[in-house]
Amino acid sequence: QVQLVESGGGLVQAGGSLRLSCAASGRTFSSYAMGWFRQAPGKQREFVAAISWIGDRTDYADSVKGRFTISRDNGKNTVYLQMNSLKAEDTAVYYCAQSRLSYYKGPSADFDSWGQGTQVTVSS
């Protein structure tokens, strides 16, 4: 198993930016795809972005395309989520997750390790 610890959340005004980080330890980080998910109050958890094991492929939810960028540094065992042009509807707890696959295939069930989450609040 892998341990995932998110950081970088906080309160920001609409239109602002935040950069989330997720540090991994344990299972080999560089062999697996990584993803970010979020859950807003009263809503189901939803996919935000994913990146392949080597970073050659990224996937995004339509709601964040053009505003969010996922990246990874395998030398630092860390995955990032740069969030720009934030909107009130981006308010949620953001979770980092590691897939059991090298490339994101779609189902969140492929992600078998999860962090504790970091709160992002966007004020309008």
Side-chain angles (χ1 to χ4, degrees):
Q1 281 290 56
V2 65
Q3 290 74 47
L4 303 171
V5 179
E6 303 95 335
S7 61
L11 174 64
V12 64
Q13 288 188 334
S17 298
L18 281 176
R19 187 195 196 200
L20 305 183
S21 299
C22 173
S25 61
R27 186 171 67 180
T28 303
F29 175 80
S30 59
S31 297
Y32 303 99
M34 297 294 297
W36 286 95
F37 294 77
R38 67 187 181 186
Q39 186 167 19
K43 295 186 177 181
Q44 289 189 332
R45 184 178 63 197
E46 63 175 359
F47 167 77
V48 175
I51 187 167
S52 63
W53 68 287
I54 202 172
D56 60 335
R57 175 179 165 180
T58 56
D59 295 274
Y60 296 93
D62 288 344
S63 59
V64 306
K65 278 181 182 177
R67 300 188 298 122
F68 290 12
T69 302
I70 188 172
S71 61
R72 67 189 297 161
D73 184 336
N74 286 345
K76 295 182 178 180
N77 285 0
T78 303
V79 62
Y80 306 95
L81 185 68
Q82 177 67 43
M83 306 186 295
N84 298 328
S85 302
L86 283 161
K87 306 175 181 180
E89 50 264 43
D90 294 318
T91 295
V93 177
Y94 283 71
Y95 297 92
C96 168
Q98 185 182 63
S99 174
R100 57 184 178 83
L101 306 176
S102 298
Y103 287 88
Y104 173 64
K105 299 293 187 183
S108 63
D110 289 338
F111 291 84
D112 60 358
S113 296
W114 296 82
Q116 293 299 307
T118 185
Q119 176 71 47
V120 171
T121 303
V122 183
S123 63
S124 57

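Just so it is clear, the model here is predicted, and its values are computed rather than measured.
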Donor-acceptor check, side chain of [X] to backbone of [Y], threshold 3.5 angstrom: yes or no?
X: R72; Y: S52; result: yes
X: S102; Y: S31; result: yes
X: N74; Y: W53; result: yes
X: S99; Y: Y104; result: no

Enter the distance from [X]:[atom1] to [Y]:[atom2] here, rounded to the nearest 0.5 Å.
X: F111; Y: R100; atom1: CZ; atom2: CZ; answer: 10.5 Å
X: Q3; Y: S113; atom1: CD; atom2: OG; answer: 8.0 Å
X: Y103; Y: D56; atom1: OH; atom2: CG; answer: 3.5 Å
X: N77; Y: S30; atom1: CG; atom2: OG; answer: 7.0 Å
X: S108; Y: Q44; atom1: OG; atom2: CD; answer: 9.5 Å

Please check if the number of heavy atoms outside Q119 that lie under 6.0 Å from its CD is greater than 12.
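For Q119, atom CD is crowded (more than 12 foreign heavy atoms under 6.0 Å).
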Looking at D62 and K65, is there a salt bridge between them, counting it only when a charged N and a carboxylate O are closer than 4.0 Å?
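Salt bridge present between K65 and D62.
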Minimum heavy-atom distance [X]-[Y], with the two atoms named:
X: S21; Y: T78; answer: CB-CG2, 4.3 Å
X: A40; Y: A92; answer: N-CB, 3.8 Å
X: G115; Y: E6; answer: CA-OE2, 3.2 Å
X: S85; Y: S17; answer: N-OG, 4.4 Å

Residue pairs passing the disulfide (SG to SG under 2.5 Å) test where at least one lies in residues 9-104, sequence neighbours excluded:
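As it turns out, the disulfide (SG to SG under 2.5 Å) pairs with a partner in residues 9-104, which skip direct neighbours, are C22-C96.
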Which residue pairs satisfy the disulfide (SG to SG under 2.5 Å) criterion with at least one member in residues 28-68, sequence neighbours excluded?
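The answer is none; no pair qualifies.
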Which residues end up grouped with W36 if you chain together Ile, Leu, Val, Met, Phe, Trp and Tyr wherever their side-chain heavy atoms are less than 4.5 Å apart?
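Same cluster as W36: V2, L4, V12, L18, L20, F29, M34, V48, I51, Y60, V64, F68, I70, V79, L81, M83, L86, Y94, V120, V122.
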